[in-house]
**Student:** 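Please find one structure pasted underneath; my questions will follow.
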Amino acid sequence: MVKTWLKTGISITMEGPDHEKGVRRAFSNVAQTVTAEQVTELAKTLEMVSTDNVTDAQITTTEKVILEK
């Protein structure tokens, strides 16, 4: 089996006065090697420019898998 990285994305949930149930913000074209520290810094930045608070983040990686016969 051969895996090839295709893409990584981050989906962040934010809650605040205007959307108490939460709203999702999606970011595409994220580096393959994104770290927890980088996601934390992104969350802090989003909170600085908004009245909302980040409640969680999801990192999604898509890979192509070729099965060898």
**Student:** Quick one: does Q32's side chain get under 4.5 Å of T61's, heavy atoms only?
**Tutor:**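 When only atoms from C-beta onward are counted, T61 and Q32 do not touch, as no gap falls below 4.5 Å.
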**Student:** Got a salt bridge between K44 and E47, using NZ or NE/NH1/NH2 to carboxylate O under 4.0 Å?
**Tutor:**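 So K44 does not pair with E47 through a salt bridge.
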**Student:** Quick one: does T55's side chain have a donor or acceptor within less than 3.5 Å of a partner on T13's backbone?
**Tutor:**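 Indeed, once roles are kept as given, a pair shorter than 3.5 Å links the two residues.
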**Student:** Any idea which heavy atoms bring E63 and K3 closest together, and the distance?
**Tutor:**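 For E63 versus K3, the nearest heavy atoms are OE1-CD, 3.3 Å.
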**Student:** Would you mind listing the cluster partners of V65? Hydrophobic ones only (ILVMFWY), side-chain contacts under 4.5 Å, chaining allowed.
**Tutor:**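 Members alongside V65: M1, L67.
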**Student:** Please give me the minimum heavy-atom distance between S50 and D52, naming the atom from each residue.
**Tutor:**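 Minimum heavy-atom contact is OG-N, 3.0 Å.
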**Student:** Looking at side-chain heavy atoms only, is the closest gap between R24 and D56 below 4.5 Å?
**Tutor:**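 Yes - at least one pair of side-chain heavy atoms lies under 4.5 Å apart.
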**Student:** By the rule that ILVMFWY residues connect when side-chain heavy atoms come within less than 4.5 angstrom, directly or transitively, which residues belong alongside V54?
**Tutor:**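 Members besides V54, by chain and number: I10, I12, M14, V23, F27, V30, V34, V39, L42, L46, I59.
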